[in-house]
Amino acid sequence: MSNIKPSLAKGTRDFSPLEMIRRNYIFDTIKSVFKKYGYAEIQTPAMENLQTLTGKYGDEGDKLIFKILNSGDFLKEPKKKEFDFNAPENSNQLTPLISEKALRYDLTVPFARYVVMHQNEIALPFKRFQVQPVWRADRPQRGRYREFYQCDADVVGSDSLLNEAEFACIYHEALQKLGLRDFTIKLNNRKILSGIAELIGKPELIVDMTVAIDKLDKIGLDGVSKELVERGFTSADLEILKPVILLEGNNAEKLNSLSQVLAHSETGLKGIDELKRVLDYVEALNPGLTATMLQLDITLARGLNYYTGCIFEVKTNEVAMGSIGGGGRYDDLTGMFGLKGLTGVGISFGADRIYDVLEELGLFPETAMAGTRVLLTNFDAAAEAFALPLLSRLRDAGIAAELYPAAAKLKKQFSYADAKGIPYVVIVGGEELESGKPALKNMATGEQESLTIDLLIERLQ
RNA sequence: GUGGUUUUAGCUCAGUCGGUUAGAGCGCCUGAUUGUGGUUCAGGAGGUCGUGGGUUCGAGCCCCAUAUUCCACCCCA
């Protein structure tokens, strides 16, 4: 058997002990906020039936789903042998023949599947959170991985805009707790975007319109105009769009201008009303948030095509990074699984991007690795026999302790303690066996003293 | 999916015009110190130069293919 050079699959990463401490710090912080707002945790499988996932994320999204090859001799059946591999563009036809499972692409669609399957057990409104990895066959780059964790909170079965308002508060509270100070929670409403498309008389081009104006801060008005024309809008359309895109002022002022522009669009007005009520709720829950971090942004579109109402996106202003969170309301996600009339709204934190941001800003707390507190040295069989009961007593006292597993040179054992950052070493050798008093050495100060076992344990607590 | 970029010791990186035995720092191992880490000193090990082809008397260096890294698009957390 030839030796394979060890390597990671593209876009995936190992997490070492320090990284895990930091990652868990992020997960725990976000989870604690979710719990405080009444959300309960669930988990779903890493893989779903391919059918469950396809068609939910748009054409681009479908391409990014990792499919799992069927097991066994999956081309055995005669029907499959007739497949024409030479036909053009035939991958789409081949996929269902050789794959029926896929890795989940996000946590929202599996959650919708979960709600439908468990509808008889859950009480509505159902508030759940979920922290698990998702997979996307994207090309990796900064802040973009093929395997990454999402921290989702969703509520289904409640159309109250209080939910939206609370999500804004959750974003604020969790990110604040993680040490981020300058970030923006952007808020928009799909109904407003629909209203604008109606106004122009091209409701069928809403997706093209949103994709284009979403890029305003990136490519500017000229770039957006150019793209809109490419996507089928006329210069007359642009004249209508321009003042909407360039809307300025605070949230209330923007809403005022919009209600004039959209005065004849029922959908648009509904969107405006929804945003107003969300902002009022937030103002009552967290006064001041609406004036600073929560910003109405008409150009916010978001790609996922199942959103129908409010949409969120969170960006940090401290480092250059894509969005660190997003979400929105979807009125009929469970409808695709046969459960009609159930509305849902949810948000997601991108834990891996938050990690990169915290690292770049040096915001991880300095809490040392909660590793071993004391190492017992190992001289020989007699010393080991003496050390074993002491080891148990230390652990019973709740002290993380380990005995060096072989009678190696002391130099090696001390180097091990040093490399692992263990703050104390207990030396048990001939002298200590005679006196019955092990020596406790403080690795930071170099001080060393002989202590009775009781005193030693007391000292380490 | 499109365009560019990276890959040389465990890690971070030098390597001139294509020319003899591919280097440095850090880390690692050994000893100074057979009961003491982190500091110091002395010595040592460690390389199919991402992989596969090609050009050449000769390739780490040039050409082709492929993988990988990072970046910009597309899109997104």
Side-chain angles (χ1 to χ4, degrees), chain A residues 2-13 26 30 57-65 89 91 105-108 131-152 171 207 210-212 214-215 218-219 223 227 300-305 312-316 320-328 346-357 375 377-380 383 404 407-433 438-448 450:
Chain A
S2 63
N3 276 337
I4 306 288
K5 194 182 246 186
S7 61
L8 287 169
K10 188 199 279 250
T12 65
R13 298 152 297 156
I26 294 174
I30 294 172
Y57 310 107
D59 291 342
E60 287 296 322
D62 281 359
K63 286 181 197 157
L64 299 180
I65 295 172
E89 310 246 328
S91 303
Y105 177 91
D106 72 355
L107 299 178
T108 307
V131 176
Q132 288 191 274
V134 302
W135 293 268
R136 294 184 188 177
D138 231 348
R139 189 174 288 208
Q141 55 180 274
R142 174 181 162 83
R144 174 176 297 185
Y145 307 100
R146 287 185 151 186
E147 177 185 62
F148 63 97
Y149 274 69
Q150 287 191 328
C151 311
D152 271 35
Y171 269 136
V207 173
T210 53
V211 168
D214 190 44
K215 295 176 186 168
K218 214 169 181 177
I219 58 179
E227 184 153 345
L300 171 62
R302 297 195 51 75
L304 293 178
N305 56 8
F312 297 101
E313 184 161 288
V314 185
K315 294 195 90 165
T316 169
M321 175 68 69
S323 63
I324 55 176
I347 56 167
S348 181
F349 288 83
D352 302 78
R353 284 187 177 173
I354 291 172
Y355 184 103
D356 292 344
V357 170
L375 175 77
T377 62
N378 193 330
F379 264 87
D380 51 30
Y404 198 84
K409 287 183 180 173
L410 267 198
K411 180 183 170 70
K412 195 172 176 74
Q413 302 190 35
F414 271 89
S415 296
Y416 172 78
D418 193 53
K420 212 171 156 181
I422 299 174
Y424 292 96
V425 173
V426 167
I427 300 126
V428 190
E431 295 166 23
E432 289 78 13
L433 284 184
L440 177 68
K441 174 161 177 167
N442 180 323
M443 293 294 279
T445 63
E447 283 165 24
Q448 187 170 323
S450 293

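To find a chain, count down the sequence lines: A is the first, B the second, and so on, and within it residues start at 1.
- Looking at A/Arg13, its side chain does come within 3.5 Å of a backbone N or O of A/Glu147 through a donor-acceptor pair.
- As judged by a 4.0 angstrom heavy-atom cut-off over every strand, A/Lys215 is placed among residues touching the sugar-phosphate backbone only.
- Nucleic acid contact class of A/Val425 (heavy atoms, under 4.0 Å, all strands): none.
- Comparing B/U16 with B/C73, their P atoms are spaced 34 Å from each other, to the whole Å.
- For the P atoms, the distance from B/G18 to B/C62 is 8 Å, rounded to whole Å.
- The same atom, P, is picked in B/C41 and in B/C49; the two are 34 Å apart, to the nearest Å.
- Closest approach to the A/Ser415 side chain among B/C74, B/G37, B/U68 is made by B/G37 (side chain taken as heavy atoms from C-beta onward).
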- Heavy-atom contacts, protein to nucleotides 28-35 of chain B, under 4.0 Å, summarised as B (base), S (sugar-phosphate only) or - (none) per nt, yield ---S---B
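- The listed nucleotides are B/C74, B/U36, B/G1; the one nearest the side chain of A/Arg139 is B/G1.
- Rounded to the nearest 0.5 angstrom, A/Thr12 OG1 and A/Arg146 CZ are separated by 9.5 Å.
- Atom C1' of B/U69 sits at a distance of 37 Å from the matching atom of B/U39, rounded to the whole Å.
- For RNA chain B, each stem of at least three Watson-Crick or G-U pairs (distances under 3.5 Å) is given as range with range: B:1-4 with B:70-73, B:10-13 with B:23-26, B:28-32 with B:40-44, B:50-54 with B:62-66.
- Heavy atoms of A/Ala351 sit nowhere under 4.0 angstrom from any nucleic acid atom.
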Check the interface with nucleotides 7-9 of chain B: list each N/O to N/O pair with the protein under 3.5 Å, or write none.
none

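- Among the atoms of the strands shown, base atoms are found under 4.0 Å from some heavy atom of A/Gln141.
- The interatomic distance linking A/Lys10 (NZ) with B/A67 (C1') rounds to 8 Å, in whole Å.
- Between A/Phe349 and A/Tyr171, a ring centre-to-centre spacing shorter than 6.0 Å is recorded.
- For the P atom pair drawn from B/G3 and B/G52, the interatomic distance equals 26 Å after rounding to whole Å.
- A/Gly11 comes within contact range of the sugar-phosphate backbone alone, with a heavy-atom separation under 4.0 Å but no base atom that close.
- Counting atom types as modelled, A/Lys441 pairs a side-chain N or O with a base atom of B/G37 as donor and acceptor under 3.5 Å.
- Across all strands, A/Gly143 comes closer than 4.0 Å to base atoms (heavy-atom distances).
- For A/Lys215, the NZ atom counts as densely surrounded, since its 6.0 Å shell holds more than 12 non-hydrogen atoms of other residues, nucleotides or ligands.
- The stacking criteria are not both satisfied for A/Phe349 over the base of B/A77, which would need a centre-to-centre distance under 5.5 angstrom and an angle between ring planes under 30 degrees.
- With distances taken from any side-chain atom of A/Arg136 to the nucleotides B/A77, B/C75, B/G37, the minimum falls on B/A77.
- Counting atom types as modelled, A/Arg144 pairs a side-chain N or O with a base atom of B/C75 as donor and acceptor under 3.5 Å.
- Residue A/Ser348 is classed as having no contact, given no heavy-atom separation below 4.0 Å to the nucleic acid.
- Rounded to whole Å, the P atom of B/G47 lies 15 Å from the corresponding atom of B/A24.
- Across all strands, A/Tyr145 comes closer than 4.0 Å to base atoms (heavy-atom distances).
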